[in-house]
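There's a structure below that I have some questions on.
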Amino acid sequence: MSQPRPDEFKPPPECPVFEPSWEEFGDPYAFINKIRPIAEKTGICKVRPPPGWQPPFACDVDKLHFVPRIQRLNELEAQTRVKLNFLDQIAKFWDFQGCTLKIPHVERKILDLYKLNKLVAEEGGFDTVCRDRRWTKIALQMGFAPGKAVGSHLRGHYEKILYPYNLFQSGANLLVSMSHSSWSPVIRGRLSFTSLKIPGSHGFETESSQTPFALQVDLVVCLVCNSGGDEDRLLLCDGCDDSYHTFCLIPPLSDVPRGDWRCPKCLAQECNKPHEAFGFEQAYRDYSLRAFGQMADAFKSDYFNMPVHMVPTELVEKEFWRLVGAIDEDVTVEYGADIASKEFGSGFPIPNGKIKVSPADEKYLKCGWNLNNLAMMKPSVLTHVTADICGMTLPWLYVGMCFSSFCWHIEDHWSYSINYLHWGEPKTWYGAPGFAAERLEGVMKKLAPELFESQPDLLHQLVTIMNPNTLMTHGVPIYRTNQCAGEFVITFPRAYHSGFNQGFNFAEAVNFCTVDWMPLGRQCVDHYRMLHRYNVFSHDEMVCNMALKADTLNVVLASAVHKDMVDMIREEQELREKMKKMGVLHFKEAKFDHLQDDERQCAKCRTTCYLSAITCPCSPGVLVCLYHINDLCSCPITNYTLNYRFTLDDLFPMMKAVKHRAELYDEWASRVTETLEAKLEKKKGLPVFRSLLAESESRLFPDNDLLRRLRLVTQDAEKCSSVAQQLLNGKRQTSVKSRSQLTVEELRSFVRQLYNLSCSLPQAPMLKELLNRIEDFQQHSEKVLADEVPSVVEIQSLLDVSFDFDVELPELPRLRVRLEQARWLEAVQQAHIQPATLTLETMRRLIDQGVGLSPHPSVEKAMARLQELLTVSEHWEDKASSLLKARPPHSIETLNAVAEKASGIPAYLPNCLLLKDTIRKAREWLQEASGSIPMVDSLSDVVLRGQAIQVQLEPLDKLESLIAQVQEWKGSAAATFLQKDSTLSLLEVLCPRCEVGNVGSPKRKPKKGKDSPKSNKKRTPRLNTLSDVEKALSETKDSTSAMATLEELRVREMEAFSNLRAVNESKLLPTADCMDLKVCVCQKAPMGAMLQCELCRDAFHSVCVREVTDSCETQPWLCTQCQQSEKPPLDKVLSLLASLRCIGVRLPEGEALHYLVERTVQWQHRAQHITETCNLPELEERPGSPPTLTRWVSGSHEAHSNTQVPHLLASLFTRPLEREGLNVEHRVKDKKHSHKRQKINRKSLQHRPTSSSSFPHSDFSQSDDSDEEMAVCPAESCQLPAGDEVDWVQCDGSCNQWFHQVCVGVTPEMAEKEDYICVRCTLSDGHMRK
């Protein structure tokens, strides 16, 4: 966008625009009074009527004819007109010198001779500028670029054109001496004249001619040098025939002018003639409205080369001000101004007008905004002016065209004016407020003094305009507006205004005056008197007319009239007393209101006289006002007559009547004024204002400025009181604000407003205190916001405090943001303090929350730290997860290295913790795996747990191999012992039987010396099923405990078999009823060939068990229930046991096999011992077939010898091992045994079996004699005590074995009172014998 030129017009600010409602529009004067406080500050305002207010145009377009004024645009502007006048004088000067003026060009621009002349004069004149070499400075002041030697050109043009004129203006060319003949400018033009000579001076001679002296007379001589010589340089004036030498003139002429020449005297007479007053010429053509419009549209369209409606108003405005300021632009327009509506008709409809009004438009006939009605409505004081004043009380019409203008002026008598644009293109207005009127006049007089010298009342002639930008530059406030069709423009008293038309339009205007204008009206009369300007009407007459109708005046007008009359009567009284003192003796009443205005004007100041005037008999029809008594005539003052309309005695009653009418209002107005202007502690409260307002309403005081001010102040005070109370009582809205809140600055301004109110409000000091609290809150908030890490509690407390302030606090959003930041920082800090709860999800959540926070250094720092921690944590989490999922697993050293590095991270890392737990489990597993020989179940558990640990465990493969070997061993053992298609398990075959009939288990033998039945040791659980046995064996800590458990089971087995044998043998007694007896697997009576089991002694039909008899030809016959397994050779079993020991794992089957082997070997030793000690003969070999009952006779005793089987043989048949070298049966007597605690019968025990095995023994407290005889002391150095009774002691440790008291060094008293723990238990369990 191109930059505007420095001299391009810049539009002033817009004036106020008002859009009244229909209610406000109903009363024009009330509305104008309402907007006056605002609009008078700009001088002009625009009013847009409500939509739908469109009065019909009532003027007859075809019959309206008028002669417009001619306006040359470059003559309108004051400064431009001064330049044109100057150039006209210069041209006239050189024209009288016989030369034609041609304005030179400098740097391709027309030289501004006026500005050049003015600048040289300001610098001291031509001689001073030349002497001080200031031409370059002047060139710069005229706007020429430096460095182009423009100064020398300016000097040449000044010396040639302006210097002679300035000498002429100074009068220096009228006096000359011969020494001034050296100046010789080049002047175009020549004056031819004839030199007169005496006739006869040549061509003939006389006597006297021979004499040396001849008398010669010059008929034409120079009036300067009085010489007639140098006739060819002698000039003759074309005006007065005076003659001058060219070299005697100032400045001297170098040549004779060619045209008409005027001497200095004639030139002075012509150039010093007074100028005619500038005014607009009337056009030669009479236009109709239609013809003028066609001409106006054609002009605008041709000028802008586009349709008239497409030309922007801004372009027209700039072009207008360019044209009025250009000397070389000669644009002429015509303006149909000041057309009397009384003669041609108004644009508004009027009653009985020429244009008939439709019923729908009849409302406009009486409308107050109809300019025919407005000026003469009751509120207007002009209604008291008796004469019709065209242009003031009667509207004037204006028909404009593009660029036609109305120059700067104020309305007559400084009245209001209102202008309505009926139709057409806009009218552009410029206005200055009334208080700037004198400033505007001073600026124009300063910038164009030449115009005001000849026309002091130039601004009242409406012929001079000045650029608003120039006025604004000099401090005059200017406002503008574009008045469109259907809009009003109102100008206020003494408001200068001007403007121009954008194109063809039709406007109508009228003046009006309100009550507030009256003081200005009297001031205007005084101003007119100074300017010697005539009055449009007599202000004194209007006031007196109102005073004569005092009873009809409203109180406001009466009050204004009273004030005006006070000034008027005081002034008149002073002037009349002055007249008396001056010597006026004659007084006469005069009816001035019966005279025309021009017949009673002061001869000096042209003021319209009404109250009084001075006349003199010498000058009939001439009068002067009392101010200009000395300007009437030269007659003595005693001859003068004082003509008066009213005597002072007449005026005072008139004033009193008005005063009486206005007193009530004046008294109220005085109290209102006093109340409104009270200061500080003298201010009244709001109730006083309300009472004054109520009084005005009850007494129907008019709605004037004072009442409006009172009402406005009261309303403001009530609003302020209400708002102040809300601010004091109300809390901040927590939901969406229903109303806008005050800012702190607005509150501060509001507090100042409270103290600046004319009313004293009790809320003001409280609100001041609230403001102080808010300011303290703001200071505290700023301090908190400046903290690097603020406290959540402190911020929250500030926010809580802010709820008491119903004010918009800019710190609140920042505090809320900071609170979120502080809470987040606190959460981050809390998370760092408790790393156990700082999970990855927590960190991500905190980071997501932090991203949504407003930026702050502390937040960014915490975010960076948290992000770094998250990155590191995710890295080690992923690392730990990958290590845990690796296949094959990593070594414990690798995992431990990662775990140690991750342990320093202050966060909860599940994978890293799992890694640490895995390492812990691995270490525990390794420690467990390197312990004592485990049971196979615990070994399997160890292997399973080792397989679940994601660590490379070196012993795991070995343990898995052990498990495989154990399974392989169990398979070999099962193949060795289990019969084909057996349903029994290997453990069931190897262990002593749990159930052999319904027989209870034996009781444990109590220890000696233990009287109390209670014991602190855990008792062995009941072994009722195979699963109980397997569980008990799996829970044993060593083989000794397992052997003890199996021994207890063996005792129960032996007792059960003993009972079973007795029951089965009792069935075969002769006394039994064989028909009721049920034997065999078929549970039928005995019959035929029968077989008897060697173990359970039950009888079976040979037919039922023939398959069994076939397979047992060389072995003692056992029934299917007793024969549970194969009976492998002992050497094979020993190899199985050896292979298990090589594996190094304990398992229930292995413990059972171990016990079986020990039991077998022990039986062998016992059998051998019994054979040797009892000196038994060699037994006959058992027959090859099982014992057969060939005859079954009831009551027979033949088979009695076969019904009892010795215990030794019974115990032999219960072992699933093949007998080696023991093919004879030993019959042993039943030994008696004692049930004493410590004494066991040893009569039959002569020799201790030589066995190196540490065979464990269970509780023998309730065993039979055979069990007691089988008891062996497990002491390493057993002394084999002999005797009928041997003292024993039981170990209170984990083995529960019995020892000879003498073998372990325990006395009966010690055994009775103290616990005994064997050496093996002491070493394994860590106990010491007391």
Side-chain angles (χ1 to χ4, degrees), residues 787-796 816-929 941-956:
D787 292 342
E788 182 68 21
V789 182
S791 170
V792 174
V793 176
E794 194 171 7
I795 297 178
Q796 187 61 52
R816 294 191 183 100
V817 170
R818 202 72 180 103
L819 179 61
E820 294 179 359
Q821 295 173 347
R823 285 175 175 170
W824 183 82
L825 290 172
E826 188 178 72
V828 172
Q829 184 180 5
Q830 192 67 25
H832 285 305
I833 293 175
Q834 299 177 352
T837 61
L838 185 57
T839 63
L840 294 179
E841 186 61 31
T842 301
M843 284 188 276
R844 294 189 186 101
R845 177 175 54 80
L846 288 173
I847 290 176
D848 291 341
Q849 293 174 354
V851 169
L853 297 176
S854 300
H856 190 272
S858 60
V859 174
E860 295 172 358
K861 183 177 179 181
M863 280 284 288
R865 179 183 174 189
L866 199 59
Q867 185 63 53
E868 181 181 5
L869 179 60
L870 177 61
T871 303
V872 173
S873 301
E874 289 177 340
H875 169 73
W876 288 110
E877 274 288 87
D878 295 341
K879 184 75 173 178
S881 177
S882 62
L883 290 176
L884 291 173
K885 294 179 181 179
R887 293 292 181 274
H890 291 275
S891 65
I892 192 171
E893 291 78 10
T894 302
L895 299 182
N896 190 50
V898 173
E900 288 181 355
K901 292 180 180 179
S903 63
I905 301 174
Y908 175 75
L909 307 178
N911 291 339
C912 293
L913 293 177
L914 181 61
L915 181 63
K916 292 180 182 178
D917 186 64
T918 300
I919 295 172
R920 178 186 60 77
K921 290 180 180 179
R923 287 174 177 169
E924 292 177 355
W925 187 90
L926 289 173
Q927 184 176 2
E928 184 178 358
D941 180 64
V942 169
V943 171
L944 290 175
R945 286 189 287 108
Q947 291 173 347
I949 298 173
Q950 302 298 323
V951 182
Q952 182 180 351
L953 303 173
E954 295 181 359
L956 183 59

Leu883 CG to Thr918 OG1 distance, which is reported to the nearest 0.5 Å =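 Rounded to the nearest 0.5 Å, the CG-OG1 separation comes to 10.5 Å.
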Distance in Å, Asn896 CG paired with Arg923 CZ, rounded so as to fall on 0.5 Å steps |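 Rounded to the nearest 0.5 Å, the CG-CZ separation comes to 4.5 Å.
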Under 3.5 Å, side chain of Ser881 to main-chain N/O of Glu877, donor-acceptor pair present?
->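 Side chain of Ser881 to backbone of Glu877, a donor-acceptor pair under 3.5 Å: no, none is there.
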What distance do Leu870 atom CG and His875 atom NE2 have between them, rounded to the nearest 0.5 Å?
->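 Going from CG on Leu870 over to NE2 on His875, the span is 13.0 Å.
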Side chains of Arg818 and Ser858: does their closest heavy-atom pair fall under 4.5 Å?
->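 Arg818 reaches Ser858 side chain to side chain.
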Please report the C-alpha distance between Met843 and Leu840 in whole Å, then the side-chain angles of each, then the deciding distance to 0.1 Å, and finally whether the side-chain contact (heavy atoms from CB on, under 4.5 Å) criterion is met.
-> CA-CA 5 Å; Met843 284 188 276; Leu840 294 179; 3.5 Å; yes
Within a reach of under 6.0 Å around CZ of Arg865, are more than 12 heavy atoms found that belong to other residues, nucleotides or ligands?
->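 Counting neighbours around CZ of Arg865, 12 or fewer heavy atoms of other residues, nucleotides or ligands fall under 6.0 Å, so no.
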If we only count heavy atoms from C-beta on, is the Pro906 to Leu838 side-chain gap below 4.5 Å?
->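 Counting from C-beta outward, Pro906 and Leu838 never come under 4.5 Å.
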Over all atoms of both residues, closest heavy-atom pair of Tyr908 and Ala836 |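 Closest approach of Tyr908 to Ala836: CB-O, 3.1 Å.
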Can a salt bridge be assigned to the pair Arg844 and Glu874 using a cut-off of 4.0 Å between side-chain N and carboxylate O?
->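 Yes, charged N to carboxylate O under 4.0 Å.
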Nearest-0.5 Å distance, CD1 of residue Ile847 to CG of residue Leu866 =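 It is 4.5 Å, given to the nearest 0.5 Å.
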Before accepting this row, confirm whether a basic side-chain N of the pair Arg845/Asp848 lies closer than 4.0 Å to the acidic partner's carboxylate O.
->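 Answer for the salt bridge query: no.
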Would you check, one step at a time, whether the test side-chain contact (heavy atoms from CB on, under 4.5 Å) holds for Ile905 with Cys912?
-> CA-CA 10 Å; Ile905 301 174; Cys912 293; 5.8 Å; no
Could you walk me through whether Leu853 and Val817 pass side-chain contact (heavy atoms from CB on, under 4.5 Å), step by step?
-> CA-CA 7 Å; Leu853 297 176; Val817 170; over 6 Å; no
What is the distance from atom CG of Leu819 to atom CZ of Arg816, rounded to the nearest 0.5 Å?
->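 Here the interatomic distance stands at 9.5 Å.
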If you round to the nearest 0.5 Å, how far is CG of Asp878 from NZ of Lys885?
->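 One gets 9.0 Å once the value is rounded to the nearest 0.5 Å.
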Would you name the heavy atoms of Ile795 and Ala822 that are closest together and state the gap between them?
->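 Looking at all heavy atoms of both residues, the shortest contact is CD1-CB, 4.1 Å.
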List the atom of Gly850, the atom of Trp824, and the distance in Å for their closest heavy-atom pair.
->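 Where Gly850 meets Trp824 most closely, the heavy atoms are N-NE1, 3.3 Å.
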Apply the test side-chain contact (heavy atoms from CB on, under 4.5 Å) to residues Gln796 and Arg823: give CA-CA distance (whole Å), side-chain angles for both, the deciding distance (0.1 Å), then the verdict.
-> CA-CA 10 Å; Gln796 187 61 52; Arg823 285 175 175 170; 2.9 Å; yes
Would you check if the side chain of Ser903 reaches a backbone N or O of Glu900 as a donor-acceptor pair within less than 3.5 Å?
->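 Yes, because the side chain of Ser903 sits within donor-acceptor range (under 3.5 Å) of the backbone of Glu900.
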Could you name each residue pair satisfying side-chain hydrogen bond (donor to acceptor under 3.5 Å, both in side chains) that touches residues 825-841, not counting sequence neighbours?
->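 Residue pairs passing side-chain hydrogen bond (donor to acceptor under 3.5 Å, both in side chains), neighbours aside: Thr839-Thr842.
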Met863 side chain near Val828 side chain, heavy-atom distance below 4.5 Å =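 In short, these two side chains do not touch, never coming nearer than 4.5 Å.
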